[in-house]
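Encoded as structure tokens, the structure appears first; notes follow it.
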Amino acid sequence: MKGVTKKCPSEAGDTGLSTLLILYELMERIAENLENDVGTRFSFHPHEVFDLIAGSGTGGIAALLLGRLGRSVSEAIEVYVNQLAPLLFGSLPASADEKQAATLTLEAKMQNIVKDFGKRDDLRLHEPASQMRSCKTFVLTLMPDNLDGALPVRLRTYKTRNPSPNPPIWQAMRATTSNRNRFLDVKIRGDYVHYFGTDYGNANPIKALLDETRILFRGQKFASVTSIGAGHRSIIAMPNESHSNPSETMFQMARDCERDAYEVAVRFSDEQENEPEEYNPYARLSVEQGMQSVEGLDSGAIEAHTKQYLRHPETIRTIDAIVNRLSKKPR
């Protein structure tokens, strides 16, 4: 198995851009690595490098653009920054009519994006006759009647023994990002169930991804499991009783991607306890400082914090290890 990757959603303002910037650096490093070997520069798309891509929230949109629609990271960044982020993170609607209008505007934009890349706005997650370059991809969403335990629904671009809905791609984008403060729930065609985004749990799809690999790649060893986050949030603590807002604190806890990332890192470390470090396929990339203060559509600040993180020696070592594993080269 080549590699599997997952993406966290944006967690504070429009920080989902950071995920794509990190992935862009990773793709560039893979191309440089091959150029050093063969003397020719190649450009790689994520669907050519990874066997499985997963995401939730804005990370779900990125996963569908990169994995299902086979776009380059540069194309995904352009679509995200210039077309989707202003709609996803603009001013909150002040009334039900404004929420409905915002929902219709976002849906029209997503349909146009799918049509631009896939030639049809009704292109579905999986179509047997599709000739589009892609890799296996899934995104997470939630059902409002199934929040006990917050078990997510996996919207897949492929078939498994556990059937999942097969909506148009734009509806899957809506389902994984639908914030109830901004948009109406999405109702998938042919399914009388409403769906909304993963802000209320399962923001990090890493555990679902590992479970999915057991279904798809039984007995195969990982070359790489690359987890790319949208930046660390501030420390979560229950506020003073006199100024407490428990619901907001629990909301932050539900969206905390780093908790699941830590648990998976410990799991892989334990499984590889008697093996050399380079045999551990798991790596986590996520900006550690600066994202806590980002609000709204501050792409300049996000890019600056991400570039600073990518220059850190530990980050460089982590990316080196990922590139070597994906290139199947020893250190």
Side-chain angles (χ1 to χ4, degrees), residues 9-17 55-65 69 76 78-118 120-125 139-148 150 152-153 155 165-203 230 245-252 254-255 294-299 302:
S10 62
E11 299 175 348
D14 182 25
T15 60
L17 172 60
S56 66
T58 53
I61 290 179
L64 291 169
L65 288 170
L69 294 172
E78 190 282 327
V79 166
Y80 182 76
V81 172
N82 297 323
Q83 299 187 55
L84 289 176
L87 301 179
L88 291 168
F89 301 101
S91 300
L92 286 171
S95 66
D97 287 343
E98 287 189 9
K99 181 182 285 191
Q100 183 176 27
T103 300
L104 293 175
T105 300
L106 179 63
E107 290 181 349
K109 176 62 68 177
M110 289 177 168
Q111 290 175 51
N112 286 336
I113 290 168
V114 173
K115 186 175 181 179
D116 287 343
F117 292 140
R120 290 176 20 227
D121 61 9
D122 63 345
L123 194 67
R124 291 184 177 273
L125 286 179
V139 300
L140 298 182
T141 185
L142 294 172
M143 295 184 295
D145 295 331
N146 187 29
L147 288 181
D148 184 16
V153 176
L155 301 179
N166 183 28
I169 297 170
W170 72 265
Q171 284 194 338
M173 290 180 176
R174 272 274 289 120
T176 194
T177 56
S178 186
N179 182 323
R180 287 183 141 184
N181 291 325
R182 297 178 179 274
F183 308 106
L184 302 175
D185 293 349
V186 59
K187 185 176 178 181
I188 289 178
R189 264 180 235 171
D191 191 341
Y192 293 99
V193 179
H194 291 253
Y195 296 88
F196 64 99
T198 53
D199 279 346
Y200 296 91
N202 291 283
N245 186 351
S247 61
E248 174 61 22
T249 301
M250 296 305 294
F251 180 63
Q252 292 177 11
R255 295 197 307 175
V294 172
E295 296 181 0
L297 304 173
D298 195 347
S299 58
I302 294 166

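All values below were derived from every heavy atom in this structure, side-chain atoms included, with hydrogens, water molecules and symmetry-related copies excluded.
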Shortest non-hydrogen separation from Tyr80 to Leu17 and the atoms involved = CE2-N, 3.6 Å

All N/O donor-acceptor pairs, side-chain side in residues 82-94, below 3.5 Å, sequence neighbours left out:
unit_1 : atom_1 : unit_2 : atom_2 : d
Asn82  : ND2    : Glu78  : OE2    : 3.3

Please, which pairs that meet side chain to side chain donor-acceptor pair (under 3.5 Å) have at least one residue in residues 98-107, sequence neighbours excluded?
-> Glu107-Arg174

Any donor and acceptor pair, going by atom type alone, linking the side chain of Thr176 with main-chain N or O of Gly57 inside 3.5 Å?
-> yes

Are the side chains of Met173 and Leu106 in touch, meaning some heavy atoms are under 4.5 Å apart?
-> no

Distance, nearest 0.5 Å, that separates CG of Asp185 from CG of Leu142 = 10.5 Å

Beyond-backbone contact of Val114 with Pro168, side-chain heavy atoms, under 4.5 angstrom = no

Shortest non-hydrogen pair, Ser178 vs Leu184, comes out as OG-O, 3.0 Å

Hits for side chain to side chain contact (heavy atoms under 4.5 Å, CB included) against Leu125, two or more places apart or cross-chain, chain-then-number order -> Leu64, Leu155, Thr157, Asn166, Pro167, Ile169, Ala172

Dump the intermediate steps for side-chain contact (heavy atoms from CB on, under 4.5 Å) on Ile113 and Trp170, then the final yes or no.
-> CA-CA 8 Å; Ile113 290 168; Trp170 72 265; over 6 Å; no

Apply the test side-chain contact (heavy atoms from CB on, under 4.5 Å) to residues Thr177 and Phe183: give CA-CA distance (whole Å), side-chain angles for both, the deciding distance (0.1 Å), then the verdict.
-> CA-CA 9 Å; Thr177 56; Phe183 308 106; over 6 Å; no

With side chains defined as the heavy atoms from C-beta onward, is the minimum distance between Phe117 and Leu65 less than 4.5 Å?
-> yes

Asp121: partners by side chain to side chain contact (heavy atoms under 4.5 Å, CB included), with sequence neighbours left out = Gln111, Lys115

